[in-house]
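These notes concern the structure reproduced below.
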Amino acid sequence: MPRKTMIEAIRDGMDVMMERDDNVVVFGEDVGFFGGVFRATQGLQAKYGKSRCFDTPISELGIVGTAVGMAAYGLRPCVEIQFADYMYPAYDQIVSEAARLRYRSNGQFTCPLVVRMPTGGGIFGGQTHSQSPEALFTHVAGLKTVMPSNPSDAKGLLIAAIEDPDPVIFLEPKRLYNGPFDGHHDRPVTPWSKHELGEVADGHYAIPLGKAAIRRAGTAVTVLAYGTMVYVAEAAAAETGIDAEIIDLRSLVPLDLETIEASVRKTGRCVIVHEATLTSGFGGELSALVQEACFYHLEAPITRVAGWDTPYPHAQEWDYFPGPARVGEALLRAMEQ
Amino acid sequence: MAVAARKANKSTPIKNPARKAVPNSPQFDKDQDLAAYREMLLIRRFEEKSGQMYGMGLIGGFCHLYIGQEAVVVGMQLTTQPGDEVITGYRDHGHMLACGMEAKGVMAELTGRRGGLSKGKGGSMHMFSKEKNFYGGHGIVGAQVSLGTGIAFANRYRQNGNVCLTYFGDGAANQGQVYESFNMAQLWKLPVVYIIENNRYAMGTSVNRASAQTDFSKRGVSFGIPGEQVDGMDIRAVYAAGQRAVEHARSGKGPYILEMQTYRYRGHSMSDPAKYRTKDEVTRMREEHDPIEQVRRRLLESWKLSEDELKAIDSKVREIVNEAAEFATHDPEPDPSELYTDILLEAH
């Protein structure tokens, strides 16, 4: 099977869908001629023309707003917000229009819209190019929120997102575009071309939204992670020698509670890891769900490892980033009880 | 500061929109006047009834009446072709009736009943009709402007020849996304007509106190979008300008802005006592510029209809409105199971 970077896999996903369905249109800032700042849309304009893959002004609210109108009409816009941090001006359209159109029109109008956003840190982007705003979306009824962790998933989940009849927020951990980054910023990253999850099948395939993947089977403690943190958790398990079961959630809403529950009932312990700030982060929701479902199976308190409650720092990026050392400590603590 | 405060408190004299009218305001023939009269009267009576029902506690929450502005939407609808889309903000009851949506369904949505157009999920500000190409009712000021632009994009993409009529008010005209939309619409030559219903008050703030440029027809100048000011109280002027705008958009020349100079007789919403303007001002507008009265006078004087004939129209309209009110009062409330439907396609 051919190996691809995550960017190539994402591009392939859009390409497959544009080929199959002329309702699919792709646009955003520098998305057309330039091919996207991360090159996710490179070549799509040349292949499908300027009416289907095009540049927009720097107008995030306008981009998402017009996309909602197109989706209401019946097109399937797949838009790029260049960095998730640029999403805030468009938040009104995402929450008040995209997420609510089906409900308030009693199902007469729907919003089959995908908003792609490179997300997360690890690239010295500082506070406006590194944030992980997933909890701002999971909190909104009427939205689906997805975050792939590897090229193969990225393509399959993106295809599912484009085919989905409802709006999907597609968060791409940009630190993973070129390889599975495990938080050891001082070591070289294995490129996807040398990693089995870099194998991306040709043509059309969809990975259903709401199905988690077990990345490492284990019996001692369940680790719930998504995006970059999947690899950080793998490194932490390897370095501490703890037989952790690492679950890559892949989709936060809908959430695969079944897989989570089965694992925690087996291990009796649960550590939740995310890069976003701790307070009111998605980890809080996961923790509540796990204790509601598995209270009598728990041997230790559920713990969260997350970004500190600070703006995303520049110089002190690696102090903020919940790397393998912090996750490892949490695993050891969970095993002490 | 003191100067600004003085300026803000000074009551601003209202311009007479009739003076702005195109000198050769086109004439309507008898049938056009009759149709305009019926349509506008339906909206007026419907809104009067909504106001009453609100007072009786049958309608809860927010309710923004269109009384006074009827000529705008009725006149614009006369310029449309089947397939053209309409989208507007929260003062939307008139637009829905003008689009041919059933009075019963609109009223039942106001009262939050299961026969409402959104099954009681939307309320006054959020109703839709796929069948009539009505893309809603939107409660966030200005949000519909981007959507209308997107619908126009879809029209161009599909080459379907449709034009999207995108309505918003003088208040929404100060929102940032309006200008993002103007830019994109002109850049991509989208078939959209932006209709700014300037009713002179953004909630409780007069245009002079909220807008640096009160000539809203010029709001597209920096994007090269043509615009004109229209006497929005004279349906003939609305129709004539609407035809120019719709033709421009449909022919592939891009967006067009119409500033409809109009006036709402009631407060911004039901909870607004409208203390920011004088009773005199409202009375003068009602007596001298009422859109329905203008047509009524023509029907009596030019077309020689009798008072009885007009009364017959009025009672027909009242019948429709009463029937809608009756339905909206007795239709059952939504089933509790509806709480979790239509959020996503599948339930989670």
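Protein chains get the first letters and strands the later ones, always in sequence-line order, with residue 1 at the start of each. Since we're looking at a predicted model, the values are computed, not measured.
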Would you tell me whether B:Lys130 and A:Ser105 have side-chain atoms, one donor and one acceptor, within less than 3.5 Å of each other? no
The interface call for A:Val64 against chain B, heavy-atom contacts under 4.5 Å, is neither
Among residues 82-108 of chain B, residues within the sub-4.5 Å heavy-atom range of chain A, in order of number, are B:Glu85
Next on the checklist: I'd like to know if the side chain of A:Arg76 and the backbone of A:Ile162 have a donor-acceptor N/O pair within less than 3.5 Å.
Outcome noted: yes
### Query
Are any of the side-chain nitrogens in A:Arg102 or A:Asp166 under 4.0 Å away from the carboxylate oxygens of its partner?
yes
Those residues of residues 146-167 of chain B that come under 4.5 Å of chain A on a heavy-atom basis, listed by number, are B:Ser146, B:Leu147, B:Thr149, B:Gly150, B:Ile151, B:Phe153, B:Ala154, B:Asn155, B:Tyr157, B:Arg158, B:Asn160
inquiry  = Between A:His129 and A:Tyr86 (judged by ring centroids, cut-off 6.0 Å), do the two rings come close enough to count as a pair?
reply    = yes
Any side-chain to backbone donor/acceptor pair from B:Ser118 onto A:Arg104? Under 3.5 Å, distance only.
yes
Worksheet item: Would you find a donor on one side and an acceptor on the other, under 3.5 Å apart, between the side chain of A:Gln131 and the backbone of A:Phe83?
Response: no
Run the side-chain contact (heavy atoms from CB on, under 4.5 Å) check on B:Asn174 and B:Arg219 step by step: do they pass?
CA-CA 10 Å; B:Asn174 292 330; B:Arg219 289 292 182 100; 2.9 Å; yes
- Report the C-alpha distance between A:Arg100 and A:Val140 in whole Å, list the side-chain angles of each, state the deciding distance to 0.1 Å, and finish with yes or no for side-chain contact (heavy atoms from CB on, under 4.5 Å). CA-CA 9 Å; A:Arg100 304 287 147 81; A:Val140 178; 3.2 Å; yes
Between B:His126 and A:Tyr103, do the side chains contain a donor N or O and an acceptor N or O under 3.5 Å apart? no
Step through it carefully: locate the ring centre of B:Phe128, locate the ring centre of B:Tyr135, and say whether they are under 6.0 Å apart. no
Other residues, nucleotides, ligands: >12 heavy atoms within 6.0 Å of A:His139 NE2
no
Whatever's closer than 4.5 Å to a heavy atom in chain B on A:Leu75 counts as side chain
Honestly, the part of B:Phe134 sitting under 4.5 Å from a heavy atom of chain A is backbone
Pair count under 4.5 Å, heavy atoms only, with chain A: among B:Val145, B:Ile140, B:Asn133, highest is B:Ile140
Does atom CZ of A:Phe33 have more than 12 heavy-atom neighbours, drawn from other residues, nucleotides or ligands, at distances under 6.0 Å?
no
**OP:** Give a yes or no on whether the ring-centroid distance for B:His268 and B:His64 is below 6.0 angstrom.
**Re:** yes
Whatever's closer than 4.5 Å to a heavy atom in chain B on A:Thr110 counts as neither
Bottom line for A:Glu97: the part with an atom under 4.5 Å from chain B's heavy atoms is side chain
If one checks every heavy atom of A:Ile58 against chain B at 4.5 Å, the contacting part turns out to be neither
